[in-house]
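Heads up, the thing below is written out as structure tokens.
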Amino acid sequence: MTENIIKINGLYKSFTLHNQGGVRLPILHDVSLNAERGECVAINGPSGTGKSTLLRCIYGNYRTARGSIRVKRDQQWIDVAAATPRQILQLRADTIGYVSQFLRVIPRVPAFDIILAPMLAAGIAVAAARARAAELLERLHIPSRLWTLPPATFSGGEQQRINIAHGFSVTRPVLLLDEPTSALDSENRMAVMQLIREARERGVAVLGIFHDAEVRDAVATRILGIDLQGQLREQ
Amino acid sequence: MNAGEQPLLRVAGLNRSYGSRVACADIAFELYPGEILAVVGESGSGKTTLLNCIAGRLRPDRGSVEYDIRDSGLRDIWQLAEAERRMLARTDWGYVQQNPRDGLRAAVSAGANIGERLMLVGARHYGAIREQSAGWMARVELDAERIDELPTAFSGGMQQRLNIARNLVTHPRLVFMDEPTASLDVSVQARLLDLLRNLSAELQVAAVIVTHDLAVARLLAQRMLVMRGGVVVEDGLTDQVLDDPQHPYTQLLVTSVLRAA
Ligand SMILES: Nc1ncnc2c1ncn2[C@@H]1O[C@H](COP(=O)(O)OP(=O)(O)OP(=O)(O)O)[C@@H](O)[C@H]1O
Ligand SMILES: [Mg+2]
């Protein structure tokens with residue numbers, strides 16, 4: 001049984017750089033996309049074509065000029081492109097998870113607490129949340145001496161794994177992954193691929209950008225390509 | 001958080017001028033319980049005027065400032081009697097100034113500064129007031145042993161924490177803050193920001209924070225308003241406004257901070 005959870009229709013996105021003489025950069029051009037629970041859709045394409053931009057639009061981090069981005073929450077479709085800030089915050093809390101390309105750390109908050117935060121916000125009991133955080137950190141091979149430290153001084157790969165643990169801590173039905181394995185060694189790439197498979201088994205629709213063809217072919221159930229005109233097509 | 005609930009504060013068509021200078025033009029926004037809104041913009045853009053108009057300290061020329069008063073619902077604070085408005089300010093609201101000395105009373109002890117708001121709302125038992133004051137000193141990471149010292153005996157950062165304790169002791173639902181970290185050294189700012197972030201998560205108190213520091217907005221606020229020349233030029237989710245700014249002025253602000261936010 002399949003169940004649609006994302007419906008993107010006729011999405012356009014451009015940037016206008018007002019302080020660079022008002023130059024306008026058209027990025028996404030009439031993008032449409034449906035995603036079902038349990039599938040992993042890989043977004044492929046050359047650098048700068050708007051892959052990250054697409055994920056950020058879905059997360060409500062970037063605004064959308066035209067088109068709709070509907071996400072199902074509690075049997076109701078909410079259009080991120082037209083949603084209020086409060087609705088977007090609600091979607092992020094319980095419906096859409098996002099692992100950004102770079103960890104944006106909250107200064108001075110220890111790694112362990114960063115991972116706990118989304119679980120506690122979702123009402124998961126402290127003991128269970130701590131157990132899940134420890135499990136993720138172990139599976140991602142973060143040495144326990146780092147758990148209580150703020151990640152500001154961590155290496156790129158360590159920060160990326162904290163970001164991944166944060167994104168996978170609670171199960172939300174949509175998960176956006178922006179190059180989650182770009183700075184990881186093969187052991188940790190395997191761990192992330194396993195986490196993605198487990199999420200799919202729980203019915204999560206994963207939308208990801210994977211620079212590494214091997215990872216992409218291993219986890220994706222479907223591959224879509226964005227071309228230089230910002231158009232999205234099945235590959 | 002529940003999308004169906006009522007706003008705590010609803011501002012509509014708010015205008016305020018000083019002579020021919022327009023400080024706030026047609027400002028409108030809503031604030032929900034527990035939500036933190038940052039108001040950013042350059043100095044002179046009308047941020048503090050807006051704050052004072054919604055905090056009951058400066059009467060707007062036009063427009064409404066409705067607040068969800070316990071038991072009676074949304075009421076325009078500027079239609080209330082002076083005494084009612086003052087009562088709100090003492091109980092349900094807090095106001096944290098840029099300079100802690102403007103919020104504290106210099107002639108009385110730290111404990112009395114915190115206890116004062118409790119006495120204004122009718123607390124009389126000296127021992128209980130003192131106990132609560134000491135408890136609040138500890139919560140803002142001040143040494144409760146120093147409860148009998150005058151505010152002047154504390155450093156600037158400690159004074160600001162004392163000022164915050166003084167405001168939170170009555171469990172307000174809404175706190176107004178005007179550049180709460182601007183008068184402090186950078187290292188002290190960080191500690192105060194951590195404290196504000198933790199307190200807001202713990203107490204679920206709503207706040208309107210005026211700041212010119214985008215990093216403060218990024219850290220504390222879910223939503224922000226960008227003001228320029230008395231006008232709100234852009235508003236939205238904090239990360240949206242900072243990562244995908246639409247207005248030329250917001251783009252200028254964001255690119256001027258060298259990725260500090
Ligand atoms: N906030 C922004 N403001 C202005 N331009 C932006 C912004 N975000 C992205 N862009 C531009 O949009 C284009 C697409 O960027 P995006 O990051 O989506 O590409 P990408 O496909 O993810 O590339 P890569 O594979 O290199 O990560 C780029 O030209 C980028 O400079
Ligand atoms: Mg990218």
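Proteins get letters first, then strands, A, B, ... in listed order; numbering begins at 1 in each.
With values rounded to the nearest 0.5 angstrom, T84(A) atom OG1 is found 9.0 Å from R223(B) atom CZ. Here the CZ-CG distance, from R104(A) to D243(B), works out to 4.5 Å after rounding to the nearest 0.5 Å. Between R108(A) atom CZ and R191(B) atom CZ the span is 11.5 Å, to the nearest 0.5 Å.
Only the side chain of E35(B) has a heavy atom closer than 4.5 Å to any heavy atom of chain A. In this structure, no portion of Y59(A) lies under 4.5 Å from any heavy atom of chain B. Only the side chain of L219(B) has a heavy atom closer than 4.5 Å to any heavy atom of chain A.
Within a 6.0 Å sphere centred on CD of E202(B), other residues, nucleotides and ligands contribute more than 12 heavy atoms.
Proximity of T255(B) to Q20(A): side-chain heavy atoms (C-beta onward) are nowhere separated by under 4.5 Å. Using a 4.5 Å heavy-atom cutoff, the side chains of R197(B) and V109(A) are in contact.
Of all the heavy atoms in Q240(B) and G60(A), the pair that sits closest is NE2-O, 3.0 Å. Taking each heavy atom of N61(A) and D244(B) in turn, the nearest pair found is O-CB, 4.1 Å.
Between the side chain of Q251(B) and the backbone N or O of L17(A) there is no donor-acceptor pair closer than 3.5 Å.
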E234(B) and R63(A): salt bridge (Lys or Arg N to Asp or Glu O under 4.0 Å), yes or no, with the steps? CA-CA 12 Å; E234(B) 184 160 358; R63(A) 299 185 201 238; 3.4 Å; yes

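Looking only at heavy-atom pairs under 4.5 Å with chain A, the residue among A201(B), A190(B), G236(B), P245(B) that has the most is A190(B).
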